[in-house]
Amino acid sequence: MKWAVRVERLTKDYVMDGETVHALRDVSFDVPEGDFLSIMGASGSGKSTLLNLLGCLDRPTAGQILLGDDDISRLDDNRLSEIRASRIGFIFQSYNLIPQLTVLENIEVPLHYQRRLDSRARRQSVELAEMVGLADRLKHRPTQLSGGQQQRVAIARSLINDPYYILADEPTGNLDSHTTEEILLLLEELNHQGKTIVMVTHEPEVGDRSNRIIRLRDGEISSDKRLREVAESL
Amino acid sequence: MLPHWLRTWQLGVKSLALHPLRSLLTVLGIFIGVASVIWLLAIGEGISQAARRQIEGLGASNVIIRSIKPSAEVSEGSQGPMPYGLTRDDFDRLTTTIPTIQRALPIRELRRRFNYSGRTVDGQLVGCTPEYAEVTQLFVKMGRFLSDADLRDRKNYCVLASGTAKQLFPFEDPVGRSIRIEEDYYRVIGVMKERAPMAGIGGSLAGRDFKDDVYIPISTLWNRIGDMIMTRRSGSFEGEIVQLSQVTLRIDKTEHVLETADLAKDILNRHHPNGDYGVTIPLELLEQAKTTRIMFILFLGLIAAVSLVVGGIGIMNIMLATVTERTREIGIRRALGAKRRDIIRQFLIETISLSIMGGLTGVLGGLTCGPISNAVRSGLEATVPDVMEQLPEVIQTVQPVIVPFSIPLAFGISVSIGVIFGLYPAIRAARMDPIEALRHE
């Protein structure tokens, strides 16, 4: 079995107003390639902290996060940026598109920071836009799109660098039920194509669409339940 | 596809275009700074070039000695008309003892009224020698200037300056006619071309406009008018005895000018203990003018630099606001893989774009300083001529001369200001914690 990411004895402490907050204590789990994992938990359970660590936006106090051969807890800010640009695909609750850029340009942003923008990359971005159903919106700006459409752009953007895993933070939190269904179908389809997805959500019906649910409580894993086997990649 | 750096520029310009008015105002700040550097330096250069031309007009190899009326304290107690100033003996002493003097020009000037058939002009009567025209750069328009023969024979000949000729002879050819000065008649043998007025330089050299002059041989002047001048002053007469108003010495070599001037002073001091003469050395003034010019440029440059710094503060202000406003965008970019230096580069490019735009338009604005200052001047002359006349002559006549180095200088400063004042906001943007930035509403 190959791993998209392995988390070992992850601990994260914050100092807030002179008091140490233990956001994560000794959390360990592995995400195999092709898995669709949901991380759930009440607010304050440590799921945002875990998300930030999995997104290489922060470094743990102790423990390891292994992406391929790299332990990201040991990397400096520049290397972390490179890892984010090349190995992680982000999807956010509030889409987080850059307003002055067009759909196509937004999809290409991660490649820009890898200096990998060329005509091949441009073709790839167009293909991704077509895949998420925005072929006729390439030159539009985010403000000209609906919430669902914006989230599709974000999904296309998360795929452009062919990441180890897609990290989705409440991807349907701002959407109505109809659009939520559309986005979930899209994520499921991507998973069927072999993409690894790590999703943070507090909505049980959204979590149920994944293969596996890890529940956090007070910074520790309270349950790790597998719903479906990892799909064989096509 | 565009190369990476060009895309980064394109991105910066796009972000600036999001707030056109804001960007425009920031550019305006730099524009004013750059244009004012070029303008102020051009005006400074114009003034100093005019000064230099005037000094050069005196001749770099000349030494000018003028009679000066002693102050009231010195002259008090003497009875009757008071003699002062340079004498013919001085003139002979100077020319015979100093070998480096190539030529010496004696000049005698006095105010007189010139008459011709009912018309009068008040002007300067100048007794001089034939070399006077060449040394003061006067050129003949009609007829001829005075000759050695006129001087030797003490002819009652005169040459008119352009202004005198125009006023006394508005309709006729003056050459061959005779004008009256006091009781004597002088035949007009020539008329000179117009010459730009000369401002006073130093303490001893008064300003001269060569408009209302009449030139006669100095020998004729001594003969007909003499050394004694009576001036009517508040009911009484005041007499003065002056033999020479000025002696212009032409020195054989420029290297000898300063020594010769010292020597001339030594000789004159023996006979003029009360200091009733003054020496002007154009060469020395020229040296001074060079120093003054540098001071001038530094001073004006400093003022202009202040306005550039103000422009820079404007940039910084805007960029700080922009960085705060775009915190979210910074967070997104960091999450998607932008390094700190990518963020610094992005914001620096925006400030540099602003300052380059300001710099380019400022240079264009600076280049227009000649035509615009002329237009403003003629506009003012047309609308408020009284006010214009009151202004110093420098303001009325100065022609800005664009200093070539001021263009790259101003442009360079504007770009460096973009970098300097853009760096702090850019670093601040790069230092943001991506997690915090993403959460920013």
Side-chain angles (χ1 to χ4, degrees), chain A residues 12 14 48-49 51-53 55-59 76-102 105-123 125 141-143 154 157-158 160-161 163 167 169, chain B residues 1-23 319 322-347 349-350 353-354 426-441:
Chain A
K12 180 73 186 177
Y14 294 105
S48 293
T49 306
L51 179 93
N52 291 336
L53 288 168
C56 299
L57 290 164
D58 205 352
R59 264 169 297 201
D76 65 7
D77 193 81
N78 273 343
R79 272 298 286 156
L80 284 184
S81 298
E82 283 168 18
I83 300 263
R84 288 198 297 270
S86 58
R87 302 189 194 171
I88 298 172
F90 283 93
I91 302 172
F92 303 93
Q93 176 174 2
S94 45
Y95 329 127
N96 279 347
L97 301 179
I98 295 170
Q100 62 265 37
L101 302 183
T102 64
E105 286 165 336
N106 262 296
I107 294 174
E108 287 168 346
V109 168
L111 296 184
H112 177 75
Y113 291 116
Q114 293 184 65
R115 315 279 192 276
R116 270 179 47 202
L117 266 183
D118 50 24
S119 43
R120 205 174 62 104
R122 171 55 58 97
R123 274 200 306 279
S125 334
R141 312 242 164 211
T143 46
R157 180 178 66 186
S158 74
I160 190 77
N161 53 0
L167 199 58
D169 180 14
Chain B
M1 290 301 283
L2 295 169
H4 180 77
W5 64 272
L6 214 73
R7 284 184 61 87
T8 316
W9 276 101
Q10 190 194 25
L11 192 75
V13 174
K14 249 184 200 173
S15 305
L16 293 175
L18 281 183
H19 301 283
L21 182 64
R22 188 197 278 189
S23 303
M319 288 318 288
T322 304
V323 164
T324 308
E325 221 176 61
R326 284 160 64 188
T327 302
R328 183 68 167 265
E329 182 194 325
I330 295 163
I332 299 169
R333 289 184 180 280
R334 291 282 277 137
L336 298 181
K339 292 178 187 150
R340 290 210 166 110
R341 58 167 179 269
D342 290 320
I343 301 293
I344 291 183
R345 190 176 296 132
Q346 182 189 342
F347 282 95
I349 276 175
E350 287 183 29
S353 304
L354 287 175
I427 288 174
R428 216 160 103 146
R431 285 235 181 101
M432 283 180 186
D433 177 11
I435 300 168
E436 294 289 326
L438 275 171
R439 237 181 259 150
H440 192 268
E441 287 304 320

>> Counting only non-hydrogen atoms closer than 4.5 Å, can you tell me which residues of residues 83-91 of chain A sit against chain B?
In response: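 At a heavy-atom separation under 4.5 Å, chain B is reached by R84(A), A85(A), F90(A).
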How about [X] and [Y]: do any of their side-chain heavy atoms sit closer than 4.5 Å?
X: R157(A); Y: N96(A); answer: yes
X: L57(A); Y: L51(A); answer: no
X: I349(B); Y: R345(B); answer: yes

>> Looking only at heavy atoms and a cut-off of under 4.5 Å, which of N161(A), D58(A), D77(A), L80(A) has the most pairs with chain B?
In response: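 Heavy-atom pair counts peak at D77(A).
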[atom1] of [X] to [atom2] of [Y]: how many Å apart, nearest 0.5 Å?
X: I160(A); Y: L111(A); atom1: CD1; atom2: CG; value: 4.5 Å
X: R7(B); Y: R115(A); atom1: CZ; atom2: CZ; value: 12.0 Å
X: D76(A); Y: S81(A); atom1: CG; atom2: OG; value: 8.5 Å
X: F92(A); Y: R439(B); atom1: CZ; atom2: CZ; value: 12.0 Å

> Where does S48(A) contact chain B at under 4.5 Å (heavy atoms): side chain, backbone, both or neither?
Replying inline: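 For S48(A), there is no contact with chain B at all, as no heavy atom is under 4.5 Å.
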> Which bit of Q114(A) is near chain B, if near means a heavy-atom gap under 4.5 Å: side chain, backbone, both or neither?
Replying inline: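 No part of Q114(A) comes within 4.5 Å of chain B.
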> So, Q346(B) and E329(B): side-chain donor and acceptor under 3.5 Å apart, yes or no?
Replying inline: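 Looking only at side-chain atoms, E329(B) and Q346(B) do form a donor-acceptor pair, the distance falling under 3.5 Å.
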> Side chain, backbone, both or neither: which part of R333(B) has a heavy atom under 4.5 Å from chain A?
Replying inline: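 Interface part for R333(B): both.
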>> Report which part of R341(B) has an atom under 4.5 Å of a heavy atom belonging to chain A: side chain, backbone, both, or neither.
In response: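 Just its side chain gets close to chain A.
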>> Looking at S23(B) and L16(B), would you say the former's side chain and the latter's main chain have a donor-acceptor pair under 3.5 Å?
In response: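 Flag set: sc S23(B) to bb L16(B) pair under 3.5 Å.
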>> Between R141(A) (side chain only) and Q100(A) (backbone N and O only), is there a donor and an acceptor less than 3.5 Å apart?
In response: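 Yes.
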> Does H19(B) have any side chain to side chain contact (heavy atoms under 4.5 Å, CB included) partners at least two apart in sequence or in another chain, and if so, which?
Replying inline: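 R22(B), E325(B).
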>> Checking an interface table here. Which of residues 426-438 of chain B come within a heavy-atom distance under 4.5 Å of chain A?
In response: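 The stretch touches chain A at P434(B), I435(B), L438(B).
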> Picking from L336(B), L11(B), D342(B), T8(B), which has the most non-hydrogen pairs under 4.5 angstrom with chain A?
Replying inline: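 Winner by heavy-atom pair count: L336(B).
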>> Under the rule for salt bridge (Lys or Arg N to Asp or Glu O under 4.0 Å), what residues qualify as partners of E82(A), not counting sequence neighbours?
In response: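 Residues passing salt bridge (Lys or Arg N to Asp or Glu O under 4.0 Å) with E82(A): R79(A), K339(B).
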